[in-house]
Amino acid sequence: AIPRSMSEWSPEDLKAWLTQCWVDLKGTIEETKLKNGNDKSDLTDTEIQDLILQVAEPALQMDIVRIAALGKKTIT
């Protein structure tokens with residue numbers, strides 16, 4: 001006989017908080033990669049967004065594996 005048990009599934013959105021602000025890029029070469037005018041704070045469809053995603057995606061993938069394997073939602 002195969003033992004059966006019921007598992008509870010509680011899906012949640014995966015969240016990532018980034019603390020860098022577009023103002024931090026002022027006076028650096030990366031400032032040229034921001035949008036012009038009042039849209040400078042919007043990083044959507046910019047090279048800066050691509051760079052952030054390149055760094056963040058591997059970290060998020062490791063978090064997904066940790067959550068799936070260990071069922072832990074926090075690092076501690």
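Quantities reported herein were computed from a predicted structural model and do not represent experimental measurements.
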Chemist: Indicate, with yes or no, if Met62 and Ile64 share a hydrophobic cluster defined by side-chain heavy-atom contacts under 4.5 Å among Ile, Leu, Val, Met, Phe, Trp and Tyr.
Modeler: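 Hydrophobic grouping puts Ile64 apart from Met62.
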Chemist: Could I get the full list of side-chain hydrogen bond (donor to acceptor under 3.5 Å, both in side chains) partners for Ser41, not counting sequence neighbours?
Modeler: none
Chemist: Has Leu53 got more than 12 heavy atoms of other residues, nucleotides or ligands less than 6.0 Å from its CG?
Modeler: yes
Chemist: Which residues pass the side-chain hydrogen bond (donor to acceptor under 3.5 Å, both in side chains) test with Glu31, sequence neighbours left out?
Modeler: none
Chemist: Restricting to side-chain hydrogen bond (donor to acceptor under 3.5 Å, both in side chains), what partner residues turn up for Asp42, sequence neighbours left out?
Modeler: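 Here the qualifying residues are Lys35, Thr44.
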Chemist: Could you see if Val23 belongs to whatever hydrophobic cluster contains Ile52? Use Ile, Leu, Val, Met, Phe, Trp, Tyr and a side-chain cutoff under 4.5 Å.
Modeler: yes
Chemist: Any chance you could measure Glu30, atom CD, to Thr46, atom OG1, to the nearest 0.5 Å?
Modeler: 11.5 Å
Chemist: How about Gln49: does its CD atom have over 12 heavy atoms from other parts shown lying under 6.0 Å from it?
Modeler: yes
Chemist: For Leu43, which of Asp50, Leu51, Leu34 qualifies under side-chain contact (heavy atoms from CB on, under 4.5 Å)?
Modeler: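 Output: one option passes, namely Leu34.
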Chemist: To the closest 0.5 Å, what do you measure between OG1 (Thr28) and NZ (Lys33)?
Modeler: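 These two atoms lie 9.0 Å from each other.
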